[in-house]
Every structure is written in structure tokens, then in C-alpha cells.
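Below is one structure; the comments refer to it alone.
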Amino acid sequence: MADSIPLWPGGAPDARGGAPHDAPALTPFPADVPHPAPALLVLPGGGYEYLSPREGEEFALWLNERGIHAFVLSYRLGKNGYRHPAMLQDAARGLRTLRHRAGEFGIAPGQIGIIGSSAGGHLAATLLTRFDAGDPAAADPVERLSSRPDLGVLCYPVITLSGPATHEGSRDQLLGAGAEEAQRLLLSADLHVTEQTPPCFVWHTQEDPYVPAENALLFARALQAKKVPYALHVYERGPHGLALGNHPWTAELLRWLSLRWPVRHAG
């Protein structure tokens, strides 16, 4: 693991101060491979209130064992006074940075994906449905590049911010407790899937008491409607925040990734 890389060396847009939580960054976890390899931008969960190391560094090390570079994103949080679009700005900048520095990091072209859990899954789903092609006129070369991930992995994700399946804590940290319905719908990822949304692997557990599995089903239905390739797994057992959890979802993910990328089938 290398030192963290600031996303904006001159300061993030609309930063509220100069503390570490005001400075979004990437922490690289390079895989030990002799050739360019796929990479995943890792977005830990935590209800937009904190960042879970179980869904950050632990995921990254697991990916490294399978020959995949991982970059854990430390994004801005509602607990520290940030609201949308700060988090989306951070995720988009992280993806653009990997694309811009792919040669330096040993990343294979066209093999940059995103994985997010819980609220990090919401942020990943937001980028998967609200990416842009970049600004060709930007002075910053990073901003000229596309923020579209090549694929997405969503682990027990928050998807909708409207209705009975909403995780209210994530919604309120992202938008504020008084957010209007129009704003909640704008950030409900299932409503913004298009034919250009990247392929996705989505999983959840039926007994999740905090983020209902309906979130995953809503997103899968939207992907199906737009004919976007996807895999959906809803397991009967498993708590929220399961992370790796010695659970069969990891084998299913590896099988799905193998259809697209060269990966190791480690134990």
C-alpha cells in the first residue's frame, strides 16, 4: 500500500476547510502482477457518515490476491457538513484519475471498474448512472477524461432515496433531513439507468434489517428494462455490512469478472 493521493492537490471544490476529511484522496493497493491489470475504485460504506475499513482496505487486499489493482476512495461525508454533489464529484474525480494515470499505475486500458457497499454502493450506482464524457476544454487534463466506469459491483447497496425501501440515514447525510422529493428522486439511481449504464454485479441479503433488499431489486429491474448486462444475487441469510464475510458472493463475483477480465482464482 502506498501513501494516499490527493484527488485535487490544490484543494477540492467547495472544501469546507483544510482537515483530512476535507481532502478526498485515493489509497492505492497495487496487485503484484507483471503486466497491466484491471483496477477497481473501492467506495466503502458507512451511511455517508463514516468509511468502513472492512469495505475498503479488506476488499482491496482481497482484490489484489486475484490480480486486480484496487484504489480505496476517501470521499467527503455528510457528518463533516458535505452534501451532494460533493460525494459524486469525488467519485468521478477518482475514476478520471485512474484513467489519467493508468500507465503509471499499470492499469489495463478499458478495465477500470467501481465497487461500493451500502452507502458506498449508492455512490457507485450514482456514478454508474450519472457519469459524463469529460470536458475537452478543461485546463486540468484529468477533467478532460470520462468518468464512466467500465463495470460496477454493488454490495447491499442503497439505491432509492424515496419510498419505504429508503435508508433514511444515508439519505439525510447525503441530502439533509429536509430534502424535497424532487431531490430524492434525482438521487434514486434506479430511475436514471440508461442503455449506456455499464454492466453490473449486484448482491444483497433478504434478511438485511437496515437496507432492504428491494434496493437491489429496483436497480436490477431498471437494468433489465434497458437491456444492460447484469448479475443479481439475493441471498436468504446475512446481516447488513457483511463485507467479505466468508460468503459465496465472492466466488460469484469472481466468476462474473472472469467473463470480462483476466483474474486469478485464488482461494
Side-chain angles (χ1 to χ4, degrees), residues 1-13 15 19-46 50-77 86-117 119-121 123-124 127-128 131 134 140-155 198 243-244 250 253-254 257 260-264 266:
M1 181 181 70
D3 293 336
S4 295
I5 301 167
L7 290 185
W8 284 277
H21 61 244
D22 298 306
L26 286 173
T27 301
F29 290 81
D32 184 12
V33 289
H35 49 73
L40 280 173
L41 180 65
V42 182
L43 309 186
Y50 68 97
L51 299 174
S52 168
R54 296 181 63 239
E55 298 161 351
E57 182 175 348
E58 288 187 21
F59 274 23
L61 295 174
W62 182 88
L63 290 165
N64 288 168
E65 291 176 358
R66 277 105 191 133
I68 299 172
H69 300 308
F71 297 81
V72 178
L73 177 65
S74 175
Y75 54 91
R76 288 173 285 178
L77 298 169
M87 298 78 161
L88 180 58
Q89 290 172 338
D90 297 347
R93 178 74 178 191
L95 204 292
R96 293 188 220 275
T97 298
L98 296 188
R99 194 155 274 142
H100 179 65
R101 300 177 68 171
E104 173 188 349
F105 292 144
I107 299 173
Q111 296 181 1
I112 301 174
I114 192 167
I115 179 171
S117 306
L123 183 54
L127 186 60
L128 287 161
F131 57 83
D140 183 348
V142 177
E143 293 299 317
R144 298 173 198 157
L145 300 176
S146 169
S147 63
R148 182 184 185 272
D150 294 309
L151 58 77
V153 180
L154 305 180
C155 310
L244 293 175
T250 55
L253 172 61
L254 196 59
L257 286 175
R260 295 162 172 81
W261 291 349
V263 297
R264 294 178 187 152

Check your understanding: Can you name the salt bridge (Lys or Arg N to Asp or Glu O under 4.0 Å) partners of Arg101, sequence neighbours left out?
Key -> Glu104

Check your understanding: Which pair of heavy atoms, one from Tyr50 and one from Leu77, lies closest together, and at what distance?
Key -> CA-CD1, 3.7 Å

**Study point:** Any Leu7 side-chain heavy atom under 4.5 Å of Val142 side chain
**Key:** no

Revision key, fill the gap. Correct closest heavy-atom pair for Pro198 and Arg148 would be CA-NH2, 3.6 Å

Exercise for review: Check whether any side-chain N or O of Tyr75 sits under 3.5 Å from a backbone N or O of Pro44 as a donor-acceptor pair, and report yes or no.
Suggested key: yes

Revision key, fill the gap. Rounded to the nearest 0.5 angstrom, the OG1-CG distance for Thr97 and Leu41 is 9.0 Å

Practice item. Using modelled atom types only, decide if a donor and an acceptor are shared between the side chain of Asp150 and the backbone of Ile112 within a distance under 3.5 Å. Key: yes

Review point. Under 3.5 Å, is there a donor-acceptor pair between the side chain of His69 and the main chain of Ala31?
Key: yes

Review point. Heavy atoms, side chains only, cut-off 4.5 Å: are Leu128 and Leu154 in contact?
Key: yes

Review point. Taking all atoms of both residues into account, what is the closest heavy-atom pair of Trp8 and Gln89, and its distance?
Key: CH2-O, 3.4 Å

Exercise for review: Determine the minimum heavy-atom distance between Gly113 and Trp261, stating which atoms define it.
Suggested key: N-CH2, 3.8 Å

Exercise for review: Taking the side chain as every heavy atom from C-beta outward, state whether Ile107 and Phe71 have any pair of such atoms under 4.5 Å apart.
Suggested key: yes

Point to revise | Nearest heavy atoms of Gly46 and Ala119, plus distance in Å | key: N-CB, 4.4 Å

Point to revise | Verdict with reasoning, Leu26 to Leu98, per side chain to side chain contact (heavy atoms under 4.5 Å, CB included) | key: CA-CA 9 Å; Leu26 286 173; Leu98 296 188; 4.0 Å; yes

Review point. What is the distance from atom CG of Leu61 to atom CZ of Phe29, rounded to the nearest 0.5 Å?
Key: 5.5 Å

Exercise for review: For Asp90 and Arg76, indicate whether the former's side chain and the latter's backbone hold a donor-acceptor pair under 3.5 Å.
Suggested key: yes

Point to revise | Distance (rounded to the nearest 0.5 Å) between Gln111 CD and Leu151 CG | key: 9.0 Å

Exercise for review: Check step by step if side chain to side chain contact (heavy atoms under 4.5 Å, CB included) holds for Phe59 and Val153.
Suggested key: CA-CA 12 Å; Phe59 274 23; Val153 180; over 6 Å; no

Review point. With a 4.5 Å limit on heavy-atom distance, are the side chains of Phe131 and Ile114 in contact?
Key: no

Point to revise | Steps toward side chain to side chain contact (heavy atoms under 4.5 Å, CB included) verdict (Val42, Leu63) | key: CA-CA 10 Å; Val42 182; Leu63 290 165; 4.2 Å; yes

Study note, to complete from the structure: The reported gap from CE in Met87 to CG in Leu127 (rounded to nearest 0.5 angstrom) is 14.5 Å

Check your understanding: If you measure from CG on Asn64 to CG on Leu40, what distance do you get to the nearest 0.5 Å?
Key -> 10.5 Å

Check your understanding: For the residue pair Gly67 and Val33, what are the closest heavy atoms and their distance?
Key -> CA-CG1, 3.9 Å

Point to revise | Ser74 and Thr27: CA distance, side-chain angles, deciding distance, side chain to side chain contact (heavy atoms under 4.5 Å, CB included) verdict | key: CA-CA 8 Å; Ser74 175; Thr27 301; 5.9 Å; no

Check your understanding: Can Asp140 and Arg96 be counted as an ion pair, charged N to O under 4.0 angstrom?
Key -> no

Review point. Going by an N to O cut-off under 4.0 Å, is there a salt bridge joining Arg264 and Asp32?
Key: no

**Study point:** Check: Leu95 main-chain N/O paired with Arg99 side-chain donor or acceptor under 3.5 Å
**Key:** no

Practice item. Nearest 0.5 Å please: distance from the CD1 atom of Ile68 over to the CD1 atom of Ile115. Key: 9.0 Å

